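To start, the structure under review is shown below, and the notes come after it.
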Amino acid sequence: MEGVGIPKELIPSVCPYCAVGCGFYLEVEKGRATGLEYMPEHPTGEGGLCPKGNAVLEVLNHEERLRYPLKRNGDEWIRISWEEALDLVAKGLSKAVQEHGGRSLGFLASSRCNNEENYALQKMARLLGSPNVDNCARLCHSPTVVGLGGALGTGAMTNNIRDLENSRCILAIGTNLAEAHPVVSRWIHKAKDNGAKIIVVDPRITHTSWMADLHLRLKPGTDIDLLRGMMKAAIEEGSIDRSFIADRTNGFEDLKRSLEGFTVEKAAELTGLSAGEIIKAARLYSRSEASALLYSMGITQHICGTDNVRACTDLALICGQIGRPGAGIWPMRGQNNVQGTCDMGAMVEFYPGYKRASDPSSVDLFKTSWGAPSLPEGQGMTSTEMMDAALEGQIRAMYVIGEDPVICDPNTSKTQKALESLDFLVVQEIFLTATAKLADIVLPAAAWAEKDGSYTSMERRIQWIDKAVPAPEEAKEGLSIICEIARRLGHDLNYTSASEVLEEINQTVPAYRGATRSRISNPGGLPWPCPAEDHPGTEILHVGGFSTPDGRANLAVVENVPPAEVPSPEYPILLTTGRIVVHYNSGSMTRRSPSLMERDPELYVEVNPEDASSLKIADGSMVVVSTLRGGTRAKARLTNAVKPGMVFMPFHYHGANLITSDARDPVSKIPEYKAAACNIVPAE
Ligand code: SF4
């Protein structure tokens, strides 16, 4: 009998969805992943997985996986050999370089791919003379990288996730973590069991707000007003930490002065909350023994996203709620390896290890390390700027790995036009995504379980996983594809394995120096900074000093900036977008997962029953939601989760970003997904 006597292997792995980085075992039989086993020894998930994690095999073994290189021929795809595909990619990229220079190339790295692939991609981009290499952090947490980095010296989560159980107050602002990062909820429940008070700041009623002792349903786009109100209350009541401010921060007098003409009552008027609620929140947060501040895209995806992050940081710093067990700032980041992709320098502001691209000494360092006579200096174009530049003819060719800007970027029609206007587009993917459908060449890539490499979760945890199963048919590991293309373009990256890339990362990224393959192969790996091979890794940052040049944190004076679009007679309703538990990002994976699709199969819009009644919209009926950029069809869900005058759409389906705003934060360049003025009518 076939299969009898063949042992099943259990191979440790890490979830390919969100940045919580839960571990599990893949059950492998005859070269095929056939099941999952939980990993109770994993320090973050402790064996827990959310619905997405539980359904990963539906995607890994999906019949629509890309299996062969494809070449566009009009509206058709032709299967071609790898040799031909790689030659055509090299030709397309080198033509742009020869005719328009290296800066005419744009690269989108992938926060779903491992550190080694992203390191190799940014290196190839820069060796080709292009500073334009970016990743999807631009769309979710670029304000964290620059805002938290500017304040504390490190733009990353300060404590680990399980440390939340030590918090006595948890302030979750602009994050629906119960849906977006479900496994984190277990640590919040543990904190609650230990007596912690939970404050949730969100205009909507969400699964996260159900956990709250205090739910502040502020007006969208008034986070800074609330945070300033809380700071004002804490200063007036004397519950700030004066010795922490004196010993460890810069800029308090300026911050205090900026609040002189401001009152809690003013904050209440601006936010739509009561002064009592703001004072209560300030007391709970500032007076607790250890307070955690968690935020996500409700804070970052605004035109004042960086200032929002700075205001969160100001509050934590003046209350001394940072650098201790249970006290710190937890940016809840999106994709499984978005932290690592930024660490690897696949971001226009930075070379690997956050060495500033605008600093000639950083560039010199990599010239020496990579043996490169010249490398681009200065900041390149961000992912969203590359789209503008493509429309203007400055970007001529793009290499997109594991990202789907057609679905993920705001203002879909513009993104689509931008990609269509390129001379050459190559997409390396596991499925034929909306973006891949616009490519000249599509390269089939191995998924996470089909290759070796490391991933860095949002708590800075670097985890290595070994290849568990082969990629389908001719799909190849991303690293070998990048190396083959680079070689054809005259740059032999000289890597024969992901381990070799990690060894180079150990040398060029100081925080990863001690994160050798053997040390990060255990369940849970190691959290960076891990500066030496005998260093245990760092669970809590900023314990004795901040990683700024003078060791002190920088407070900032910030004031609220209203959303770029406010409701008008023509577009009287505010549209906001966000995540839901069963889907992930562009949905290119989860929308192919039958068990997840069964739960939430289509785009919907949450509408308050009061608005629905005046707009003559019935629950479950189809509506058209329109903004200045066009309209999209969605199913109406009538719910008091949104207040009158506001609607909510999950962004995982094609359609949501057809209508979102592409106004950007001037500092981090993140688009303002969280606020667009819209109108709604019943669909014909
Ligand atoms: Fe995967 Fe995130 Fe769910 Fe954990 S919480 S199982 S990492 S999607």
Side-chain angles (χ1 to χ4, degrees), residues 12-27 33 35-60 110-115 136 140-141 157 160-162 164-165 172 175-190 206-208 211 294 296-297 330-341 402 447-449 453-465 468 523-525 527 578-593 595-597 599-600 650-652:
S13 197
V14 176
C15 178
Y17 285 117
C18 91
V20 174
C22 299
F24 52 79
Y25 294 96
L26 275 175
E27 201 177 84
L36 295 183
E37 280 275 341
Y38 297 123
M39 186 186 272
E41 68 274 30
H42 192 276
T44 313
E46 290 191 328
L49 293 177
C50 77
K52 294 185 288 286
N54 273 304
V56 286
L57 292 190
E58 294 175 16
V59 165
L60 188 66
S110 175
S111 297
R112 290 181 215 201
C113 289
N114 57 42
N115 288 324
C136 75
C140 61
H141 272 277
M157 186 174 276
N160 63 36
I161 293 167
R162 64 181 298 139
L164 285 168
E165 71 176 328
T175 171
N176 182 11
L177 59 96
E179 293 211 59
H181 305 95
V183 167
V184 175
S185 302
R186 68 166 46 221
W187 299 104
I188 296 191
H189 283 297
K190 286 192 185 190
T206 64
H207 292 196
T208 307
M211 292 189 276
L294 281 58
S296 190
M297 301 193 304
W330 280 253
M332 308 296 292
R333 302 195 64 167
Q335 304 231 54
N336 58 337
N337 197 35
V338 67
Q339 179 68 55
T341 306
W448 93 103
S454 65
Y455 297 82
T456 308
S457 73
M458 65 179 174
E459 55 179 350
R460 299 172 278 106
R461 192 174 289 290
I462 315 165
Q463 307 185 83
W464 180 275
I465 54 172
R579 292 184 175 131
I580 57 174
V581 68
V582 294
H583 284 299
Y584 185 67
N585 215 32
S586 69
S588 66
M589 291 160 77
T590 52
R591 283 188 288 108
R592 286 184 167 88
S593 193
S595 66
L596 300 175
M597 279 303 271
R599 288 176 62 175
D600 259 312
F651 57 58
H652 314 289

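Remember, it's 1-based here, ligands and their atoms both numbered in the order they're listed. Quick caveat, the model's predicted, so the values are computed rather than measured.
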Next on the checklist: To the closest 0.5 Å, what do you measure between CD1 (Ile161) and CD1 (Ile188)?
Outcome noted: 10.0 Å
Checklist entry - Roughly how far, to the nearest 0.5 Å, is the CZ atom of Arg333 from the CE atom of Met458? => result 10.0 Å
Next on the checklist: Can you tell me how far apart CE (Met332) and CE (Met157) are? Round to the nearest 0.5 Å.
Outcome noted: 5.0 Å
Checklist outcome for this item: Taken to the nearest 0.5 Å, the spacing of Trp464 CH2 from Ser454 OG works out to 6.0 Å
Checklist entry - Could you state the interatomic distance from OH (Tyr17) to CZ (Arg112), rounded to the nearest 0.5 Å? => result 8.5 Å
Next on the checklist: Under a plain distance cut-off of 3.5 Å, with no hydrogens placed, do Asn115 and Asn337 share a side-chain donor-acceptor pair?
Outcome noted: yes
Checklist entry - Under 2.8 Å from atom 3 (Fe) of ligand 1, which protein N/O/S atoms are there? => result Cys50 SG
Checklist outcome for this item: For Gly21, the atoms of ligand 1 under 4.0 Å from one of its heavy atoms are 7 (S)
